[in-house]
K.L.:
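Let me give you the structure first, and then I'll get to my questions.
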Amino acid sequence: MSTVPAKRKPSDYKSELKPIWCPGCGDFGVLASLYRAFAELDLDPANTVVVSGIGCSSRLPGFVSTYGFHSLHGRPLPVAMGVKLANPDLNVIAVGGDGDGFAIGAGHFPHAARRNVDITYLVMDNEIYGLTKGQVSPTSLTDQKAPSTPWGNLETPLNTLAFAVASGASFVARGASFNTKALTELIVQAMEHKGFSYIDALSPCVMFNNHQEEWKELVTDVAPDHDVADKTAAFDLALKGGFKMGILYREQRATINEKYAALVEAAKDSDLETMLEAFNARKGAAIGKPTV
Amino acid sequence: MARKSVVIRLAGESGEGVISSGDILTQAAARGGYWTQTFRTYPAEIKGGPCMYQVRMGEERIYSHGKDVDLLVCFNQEAWDLHWDSLGPDGVILFDETAVDIPEEYAARARPVRMEKLAKEIGGSLRAKNMVAVGAVAGVISFNTTPIEELVLRRYAHKQGVADANIAALRAGGDESADLRGSLAITDPVEVEADRILMSGNQAIAVGAIAAGVKYFAGYPITPASDILEWLSAKLPQVGGITIQCEDEIASISSVLGASYAGVKSMTATSGPGLSLMTEMLGYAGTAEIPCVVIDAQRGGPSTGLPTKTEQSDLQHALYGGHGEAPRVVIAPITVEDCFWATIDAFNYSERYQVPVILLTDQGLATRMEVIHKPDTDLIELWDRRTSAGLDREYKRYELTEDSISPMGIPGEEGGQYVSTGIEHDELGHPAYTPENHVAMQTKRWAKLEPLKNGIVRHEHYGEEQPEIAIIGFGSTYGAVREAIDLARAEGASVGAFYPRVLGPFPGEQVTAFAAKARRVVVPEVNFTGQLARLVRGECGIPVESHAKCDGLPFTAEDVLDVIMERIPS
């Protein structure tokens, strides 16, 4: 009689490092949701990579017992892309904060989205720079006073969900650290999604920007009859006031991983000797395109 | 008497066929059994602007592009104005009779060629102008046009009419220079091996990377490195790899590290401005001990500088650029052939020592075409990284081992799990900031590179081993220096050169030993501040004379010869 191996538990994904976050930090809820989602998906830790940038939230890979890549400010997406393209069999999730992802790393976001790299990107959005002690971030509210904006923030917050839809992300969702059940479910769906999935997770900073109670007032679920395939409807939800929770947009289209796999499969027909022979001075390269 | 080698310079407006004429001549020369080396300058404009293509060909191996021009071909007046003073004492000029006025005193050496007229009348299109020019050149140097005609037939295999028109233009060009036929005759190649290939430095690097087993390349277009990206885009999938054009250089190097972390050999290629952007991630690679190869095809700086001109001014940036002190290896190939082998070395060092390797070429070496020996692929030896597979002890990513190289876990591998980080970490990879730990980890990261200093790496020695005049150089200046040494030794000078392939870590002991008995040590390099000279002074503590120049052009053998002869002890 064969035995069915026991499914992994959320605690199986806990590393020996204790999170260094402040007591009450929203990121604990996100981490708990991640453990649960991994357990629900029963991910093989040896086949899973958590990539991050820099910041409080980006310390997360250290607290997860899988492979991890704690990269540099703003760089989780290209790193995650390299990992996934090098080995498409891996489960790859990139995590980070709003400053990491949408200030220094903003240049990478639309390209990961439009390429439809088959990874999940989970942003812990606290609308502030926590690790550097409270300066405004790209998602901070206008007029907010902070150490770097003593006269009030002059800028308009970036609407990351609208940005994600506009960039061509094939899965766009919002969750919150204070609703781990729903967030767990979103992470599961995002990781099951073939393509670039983006989750904005509201995750209050209790030290420098504690909006938890206001946010709880502002969140409402996406209506059950919302058509997730309707891009215009997704924009409408993203642009509305308050926070629409759930999946705003989802589409299935070929991932860059699939496209490259097909390209390599179709192109694979050569070797080093053949390539060198093409340069043979006696019979080789025809006049053609200049080489510069 | 026929010449052993000849220097042909074609000059005109970009888009007039200068480059394609040069390419045809180079390829035909290679097919005809000659050794060649080319040099070109081109404008930074997309269309228009002066460009020049110089082909040096001869029966013996060519190491530099040559100084005095034997045959100058002027497509327009500007070409004459810009290049007349490069003409050698016996030089001959061919010029388009409708476009160029040659001063009276050169008339005896100049031959008008009806380039435009014949192109239209016989070639059927102005585009055949380059074939008229090539035909005229072939006549003057007594070059058998059969290989050229073969190339034309090959190129226009499906357009017989165009092929015929081009061949007619070629022959008409030959007739135009009939009265100069053979005036710069080149000797026929004596012995022609079948195993010669013609490629550029960039191509040699791209093929070398494939030889080394690269499976992931990410890059962002930048002159003069772009054709590595372009070539690998076409070829890497054919051997099962991926090439991706990223949104910027930071994404390129970041994804290269991601791919390497995931277990495949990975590379990017850029020029100075791109290397600047990659610097932070290179520091990460050094600290997190992730192998990767970065090609820097240097161009003129500073800033966006001289995009289409050559310079060797990224040496210090490559060696030291970045915050903190993160280890890396810097390699400089010296010829097109060496670009192939040095790229394999770069991957080998990178994999064995789990360290980023920067390979420094420059515009001159990256874009020149050279006939080289086809690399003997049986000689290729590949090194792989040490992984956690089959480890019979507790896995520690940054384990302090005897040789300071630690096993690297590869995602997908059971038991190798760790978190890569640029934060100072302990043996397990956990953040750790104690003084003892930082010292231990810095020591480990630098100690593992010690073998690279002490003789396992290739270097090039030319001329006398203990010379009176010692030349120390790096990279693309090698060919000119080598030729200059031959010329100087023929005059009785005691001179020799030492070219380290690995510049970081610097082989100070070997360089010091080489220069031990020299009365003068000279360091020629193509930059303003004498970066290598300072490095040699600092690493070896010996007095050296810097001979640095930064005019955007490579050294000629004659330039170096002057430097040597000035220093001959009286």
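Residue numbering restarts at 1 for every chain, and letters A, B, ... go by the order of the sequence lines. Quick note: numbers below take in every heavy atom, side chains included, and nothing from hydrogens, waters or symmetry partners.
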K.L.:
Between T66(A), D271(A), I54(A), who has the most heavy-atom pairs with chain B when the cutoff is under 4.5 Å?
P.N.:
T66(A)
K.L.:
Given the options P78(A), P45(A), P61(A), which has more heavy-atom pairs under 4.5 Å with chain B than any of the others?
P.N.:
P78(A)
K.L.:
Side chain, backbone, both or neither: which part of D89(A) has a heavy atom under 4.5 Å from chain B?
P.N.:
neither
K.L.:
Can you tell me how the ring of Y284(B) sits relative to the ring of F69(A), calling it parallel under 30°, perpendicular over 60° and tilted otherwise?
P.N.:
parallel
K.L.:
Relative to chain B, which segment of I256(A) carries a heavy atom at a distance below 4.5 Å: side chain, backbone, both, or neither?
P.N.:
side chain
K.L.:
Is the side chain of Y260(A) donor-acceptor paired with the backbone N or O of G241(B) at a distance under 3.5 Å, no angle test?
P.N.:
no
K.L.:
I need the residue from A46(A), S15(A), A86(A) with the largest number of non-hydrogen atom pairs under 4.5 Å to chain B.
P.N.:
A46(A)
K.L.:
What part of I372(B) gets closer than 4.5 Å to chain A, counting heavy atoms only: side chain, backbone, both or neither?
P.N.:
neither
K.L.:
Could you tell me whether the side chain of Y67(A) and the main chain of E413(B) form a donor-acceptor pair under 3.5 Å?
P.N.:
yes
K.L.:
Is a side-chain donor or acceptor of Y261(B) paired with a backbone partner of G68(A) at a separation under 3.5 angstrom?
P.N.:
yes
K.L.:
Need one label for P110(A): side chain, backbone, both or neither, based on atoms under 4.5 Å from any heavy atom in chain B.
P.N.:
neither
K.L.:
To the nearest 0.5 angstrom, please state how far the CD atom of Q238(B) sits from the CE atom of M275(A).
P.N.:
4.5 Å
K.L.:
Which region of P147(B), side chain (C-beta onward) or backbone (N, CA, C, O), has a non-hydrogen atom less than 4.5 Å from a non-hydrogen atom of chain A, or is it both or neither?
P.N.:
neither
K.L.:
Measure Y418(B) against the heavy atoms of chain A and call it side chain, backbone, both or neither at under 4.5 Å.
P.N.:
both
K.L.:
Under a 4.5 Å heavy-atom cut-off, does chain A meet the side chain of S252(B), its backbone, both or neither?
P.N.:
neither
K.L.:
Out of R114(A), H108(A), H111(A), which residue meets the side-chain hydrogen bond (donor to acceptor under 3.5 Å, both in side chains) rule with E247(B)?
P.N.:
H108(A)
K.L.:
Quick check for you: among T274(A), I20(A), V64(A), V264(A), which has the greatest number of heavy-atom pairs under 4.5 Å with chain B?
P.N.:
V264(A)
K.L.:
Where on L276(A) is there a heavy atom nearer than 4.5 Å to chain B: the side chain, the backbone, both, or neither?
P.N.:
both
K.L.:
Heavy atoms only, distances under 4.5 angstrom: which of L72(A), V50(A), N47(A) has the most pairs with chain B? Name it, please.
P.N.:
L72(A)
K.L.:
How many angstroms lie between CG in L236(B) and NZ in K268(A), if you round to the nearest 0.5 Å?
P.N.:
11.0 Å
K.L.:
Please look at A211(B) and chain A and tell me whether the side chain, the backbone, both or neither of the residue comes under 4.5 angstrom of a heavy atom of that chain.
P.N.:
both
K.L.:
Heavy-atom distance under 4.5 Å to chain B: side chain of L85(A), backbone, both or neither?
P.N.:
both
K.L.:
Contact part of V207(B) toward chain A, heavy-atom cut-off under 4.5 Å: side chain, backbone, both or neither?
P.N.:
both
K.L.:
Less than 4.5 Å to any heavy atom of chain A: does that hold for the side chain of K235(B), its backbone, both, or neither?
P.N.:
both
K.L.:
Heavy-atom distance under 4.5 Å to chain B: side chain of S65(A), backbone, both or neither?
P.N.:
both
K.L.:
I'd like to know whether I244(B) forms a side chain to side chain contact (heavy atoms under 4.5 Å, CB included) with M81(A), so could you lay out the CA-CA distance, the side-chain angles of the two residues, the decisive distance to 0.1 Å, and finally the verdict.
P.N.:
CA-CA 10 Å; I244(B) 187 161; M81(A) 176 179 78; 3.9 Å; yes
K.L.:
Under 4.5 Å from any heavy atom of chain B, what part of D269(A) do you find: side chain, backbone, both or neither?
P.N.:
both
K.L.:
Which region of E16(A), side chain (C-beta onward) or backbone (N, CA, C, O), has a non-hydrogen atom less than 4.5 Å from a non-hydrogen atom of chain B, or is it both or neither?
P.N.:
side chain
